[in-house]
Amino acid sequence: MSTLALNLRGRPAGRPGALGLGVSTLWLSLIVLLPLAAVVARSTEGGLDAFWSAVSSRQAVSALRFTLLVSLAATVVNAVTGTLIAWVLVRDQFRGKRIVGALIDLPFALPTIVAGLTLLALYGPTSPVGIDVAFTQFAVLLALLFVTLPFVIRAVQPVLIELDREMEEAALSLGANARTVFLRVILPNLVPAILSGAALAFARAVGEFGSIVLISGNIPFETQVASMFIFKQIESDNPIGAAAISVVLMLLSLLVLVGIRGLGRWGARHDR
Amino acid sequence: MTVDRRWRIALRAIGLTYLALLLLIPIGLVFYRTFEHGVMAVYDSVTTPAAISAFSLTLTVTAIAVPLNTVFGVLCALALARGRFRGKGVLNAIIDLPFAISPVVVGLALILVFGRGGWLGDLPFQVIFSVPGIVLATIFISVPFVVREVTPVLAEVGDEQEQAAATLGANRWQAFWRITLPSIRWGVAYGVVLSVARCIGEFGAVSVVSGKISGDTETLTLLVEKRFQNFDLAGAYAASALLALIALATLLAMTTINPRRDDA
Amino acid sequence: MIAVRDVTKSFGDFVALDGVSLEIPDGSLTALLGPSGSGKSTLLRIIAGLEQPDTGSVEIHGADATNVPAQRRGIGFVFQHYAAFKHMTVRENVAFGMKIRKQPKERIRERVDELLGVVGLAGYHERYPSQLSGGQRQRMALARALAVEPKVLLLDEPFGALDAKVRAELREWLRRLHDEVHVTTVLVTHDQEEAMAISDHIAVMDHGSIEQVGGPRELYDQPANGFVMRFLGPVSRVGDALVRPHDIAILLDPEDGARRAVVARVVHLGFEVRVELELEGGERIFAQVTRNEADSLELVEGAAVWVRTTHEPAVPA
């Protein structure tokens, strides 16, 4: 039986894999790698001095710093609320739960420009309840909270569902109260998923553009994020400067992605 | 673990309040504002020549990008799930790149390649500030979806069925069409739905590479921005509502397909 | 003593326990034995406080425990699939109960060392459950449950997930442990051999009721009904009665009360010989004789013999 499979193994399984690999490499190189390589390569076109001065200008630094801080804030908030909401979706029961659960993915499905407009409707100048935070740093935070909402929730939900209930019962039988069970038994097992979701959220947040365009006012040194700064540089016919900042931004995101994989492996070391 | 009833209500309240404030109420408000002046007004707003042309451009671009990325996605998933080669980690990382790169940088990248003075800047047809640029940008940002959805399905299903087909005389392509594809159809469907939503909703990258010329290189999302900046709030809401409806339809499709993904 | 009185529990339409009452003596090792769906796990979990009965009460050491939550009943619970805290080391697992009772560090360290020694896991302190075999994980789970000196030890099919050899070793080991430690122990199992081998008392359960309670010998020799008899050992049906195969005598000449039979098959299982016989009415039964008896009877296929029960059939079929 197994020799038969071995004889056949050359044909069905091996070849499509090879074809797939060839096509994938070609496609990815053309569509993804080539353009990104251009950004990296041409960012130093004006010389390293030009690169450095583009990246270290006051406005650039301010934009990058603001981006980092507000993305971090949004990530932390959504990590906490995301875990809470995941808990409610998995362990609680109430009418309309399924609809709410499905709507969590709305920020994934909704165009970012519409997201911005949506938040502006309630929290901008035309707000029916008089809350107007448009053109403030809080508005940027709001936009980022919106677009990164689903990441941690969707990362934590499957882990919570799979969690061995008997571990919790064992802790109860040993005398732990509900709070202890959550903090000492449940939460530690959720941390890898929370971190993974948070990393994805962060990577998304630092590059976010569409939802911030309308609501932030793009005020330099105040509400201007890195992506808007890059946009302005392109508009001002300074693509090389824009490329320099982009490289810094990309490095940040790449570092985060590598971090995710590392975290994932570290978290899995306990698994059966 | 049954949580104390008070805690359970508290958690539920906090969670739902957060979702209401951030998600539910704003979206509800947009729909309310949109249809405040009646459905006809909205209909007129989304059937202006500019709107129709924007919508058709968006759909055209999507109709090009999604099939291409679907074919790529399936083939790449086959390579990842069934192939044996080193560097799967690298391949995975590259596939993840469109998730990690800001859309503005995507647009910039295309300008640096195809724009004036770019590496391929002397092509006989215009890319930047023209439809091909928009197509390329849309393809870039929707690359990962199908492959990410199909790879785990392929890995889960395993290749025993293809081996059985081979023993029964099927050749490679027959096995692929009759055995492999049907087994991944829901994974493909889910990935396609996600890609379509992403393509229709793309803004940042397209914003950079498009000339934003109404009737020519203006997508539906760009139309929303323009109307807003021209103080045509009602018009912006109308177009947004259309896009939001498409998003909700996407969610519906996702919820319907999701449970089927685990059956072959 | 643990007293369960008139406990009923349903899950939707399914009645898991139907007015069950049971007394478990202090210091004993009692088995709840029955097929799946008999309600034995549900009963155990109600004693533990992990489930609430719909009606009835549970008393532990004289105090009514029905409304006391699991964390305050002073029980130890061991699960079939170990329920190890997989993110904690073996040491941290065993110490968990003591840590949350805020016992002094020295005392915790001593007790963990002591218990790991008792369960044969000395030196495994810093390992993670994923690095242990199934049998080791279950021993860790036992140490963890014993660490807080429970009044009662409850085990829910503790060896069900282990392979046969490990299962046999561990159950003997559990009995020895019980003999040393003397905690009132209740064990749920579907394996009659396991129950018979190590328990002082067995409560046989079926479809949410207790069929019979007694010691192993008593249950085997004097089963209350056909179910108990069938569950605890092999039976042969002769006429209207259920009889143990070793209580069937095979004779070469007719005697009072004997019936005709034909030898259908003779199976040699080492010391034991199983004889398949066909009675006059066409029924097939098994008799069990020793090798010597089989030899002296010179049993061969097709031989005509007479059979008689040697033991007063206790149970009508």
Side-chain angles (χ1 to χ4, degrees), chain A residues 5 8 11-13 15-17 19-21 23-24 27-28 31-32 34-36 38-39 42 81 84-85 87-88 92 94 100 102-103 105-106 109-114 117-119 121-122 145-146 149 168 178 181 203 207 209-210 214 227 230-231 234 239 242-243 246 249-250 253-254 257, chain B residues 1 3-4 8 11-12 14-15 18-19 22-23 25-27 29-30 33 72 75-76 78-79 82-83 85 94 96-97 100-105 108-113 119 139-140 143 159 162-163 166 172 175-176 197 201 203-204 208 221 224-225 228 236 240 243-244 247 250-251 254-255:
Chain A
L8 298 165
R11 312 254 330 305
R15 292 277 200 84
L19 172 66
L21 184 58
V23 169
S24 311
W27 185 248
L28 286 175
I31 297 290
V32 177
L34 183 64
L36 290 180
V39 175
R42 298 194 61 190
T81 58
L84 187 152
I85 293 172
W87 177 273
V88 172
D92 202 352
F94 54 89
V100 171
L103 284 172
D105 279 330
L106 192 63
L110 199 66
T112 50
I113 187 78
V114 176
L117 198 65
T118 306
L119 289 169
L122 184 57
L145 285 176
F146 186 99
L149 175 71
E168 298 169 49
V181 174
F209 178 74
L214 302 179
S227 58
I230 294 171
F231 188 80
I234 299 172
S246 303
L249 203 60
M250 280 197 286
S253 297
L254 241 66
L257 271 181
Chain B
M1 173 180 95
V3 190
D4 190 6
R8 181 198 292 239
L11 290 174
R12 192 193 304 174
I14 298 175
Y18 184 73
L19 287 176
L22 193 60
L23 199 64
I25 299 178
I27 269 283
L29 189 60
V30 164
R33 282 270 169 78
F72 156 73
L75 287 171
C76 190
L78 276 170
R82 302 280 169 82
F85 57 92
I94 300 177
D96 274 339
L97 278 175
I101 309 287
S102 172
V104 172
V105 174
L108 173 66
L110 289 172
I111 287 183
L112 290 175
V113 175
W119 289 350
I139 293 177
F140 185 109
V143 156
D159 62 353
E162 279 105 343
Q163 289 184 32
R172 271 190 346 253
F176 180 71
F203 176 77
V208 171
T221 50
V224 171
E225 184 196 24
F228 182 86
S240 295
L243 285 164
T250 308
L251 281 185
M254 280 165 69
T255 346

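Each chain gets a letter, A, B and so on, in the order its sequence line appears, and its residues count up from 1.
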Checklist entry - Given the options A:A242, A:P239, A:A121, which has more heavy-atom pairs under 4.5 Å with chain B than any of the others? => result A:A121
Item to check | Contact leader toward chain A among B:L243, B:V224, B:L110, where contacts are heavy-atom pairs under 4.5 Å | outcome: B:L243
Next on the checklist: Quick check: closest heavy atoms across B:S240 and A:L117, and the distance to 0.1 Å?
Outcome noted: OG-CD2, 2.8 Å
Next on the checklist: Is B:F228 in contact with chain A via its backbone, its side chain, both, or neither, using a 4.5 Å heavy-atom distance?
Outcome noted: side chain
Next on the checklist: Looking at chain A, which one of B:I111, B:L23, B:T250 has the largest number of heavy-atom pairs inside 4.5 Å, strictly under?
Outcome noted: B:L23
Next on the checklist: Could you go through B:S102 and A:L249, starting from their C-alpha distance and side-chain angles, then the distance that decides it, and tell me whether this counts as side chain to side chain contact (heavy atoms under 4.5 Å, CB included)?
Outcome noted: CA-CA 8 Å; B:S102 172; A:L249 203 60; 4.2 Å; yes
Next on the checklist: Please find the pair of heavy atoms, one from B:L22 and one from A:L149, that lie closest to each other, and give the distance.
Outcome noted: CD2-CD1, 4.3 Å
Next on the checklist: Whether the side chain of A:R42 engages the backbone of B:L112 through a donor-acceptor N/O pair (distance < 3.5 Å, no angle test) should be reported.
Outcome noted: yes
Checklist outcome for this item: All heavy atoms of B:G15 vs all of A:I85, minimum pair found to be CA-CG1, 4.0 Å
Next on the checklist: With a 4.5 angstrom heavy-atom cut-off, is it the side chain or the backbone of A:T81 that approaches chain B, or both, or neither?
Outcome noted: side chain
Checklist entry - Can you name the residues that form a salt bridge (Lys or Arg N to Asp or Glu O under 4.0 Å) with B:R33, not counting sequence neighbours? => result none
Checklist entry - Which atom pair, heavy atoms only, marks the closest approach of A:P35 to B:V113? => result CA-CG2, 3.7 Å
Next on the checklist: Any non-hydrogen side-chain atom of A:W27 less than 4.5 Å from a side-chain atom of B:L75?
Outcome noted: no
Item to check | Largest heavy-atom contact set with chain A, pairs under 4.5 Å, which of B:V104, B:I25, B:I94 | outcome: B:V104
Item to check | Proximity breakdown for A:V39 and chain B, heavy-atom pairs closer than 4.5 Å | outcome: both
Checklist entry - Tell me, side chain or backbone of B:V143 under 4.5 Å from chain A's heavy atoms, or both, or neither? => result side chain
Item to check | Nearest heavy atoms of B:F140 and A:I31, plus distance in Å | outcome: CD1-O, 3.1 Å
Checklist entry - Side chain, backbone, both or neither: which part of B:T255 has an atom under 4.5 Å from a heavy atom of chain A? => result side chain
Item to check | Sequence-distant partners of A:F209, ring-ring contact (aromatic ring centres under 6.0 Å, His included), two or more places apart | outcome: A:F231, B:F203
Checklist entry - Under a 4.5 Å heavy-atom cut-off, does chain B meet the side chain of A:L84, its backbone, both or neither? => result side chain
Item to check | Interchain contact, B:L29 with chain A, by part (heavy-atom threshold 4.5 Å) | outcome: side chain
Item to check | Closest approach of B:P103 to A:G207 (non-hydrogen atoms, all atoms of both residues) | outcome: CD-O, 3.4 Å
Next on the checklist: Distance check, rounded to the nearest 0.5 Å: A:W87 atom CH2 versus B:R8 atom CZ?
Outcome noted: 9.5 Å
Item to check | chain A contact via B:L108 - which portion, at a heavy-atom distance below 4.5 Å | outcome: both
Checklist entry - Could you state the interatomic distance from CG (A:L110) to CD1 (B:I27), rounded to the nearest 0.5 Å? => result 5.0 Å
Item to check | Pick from A:V100, A:L103, A:T112 with the largest number of heavy-atom pairs that fall under 4.5 Å of chain B | outcome: A:L103
Checklist entry - By a 4.5 Å heavy-atom criterion (distance strictly below it), what part of A:L106 contacts chain B: side chain, backbone, both, or neither? => result both
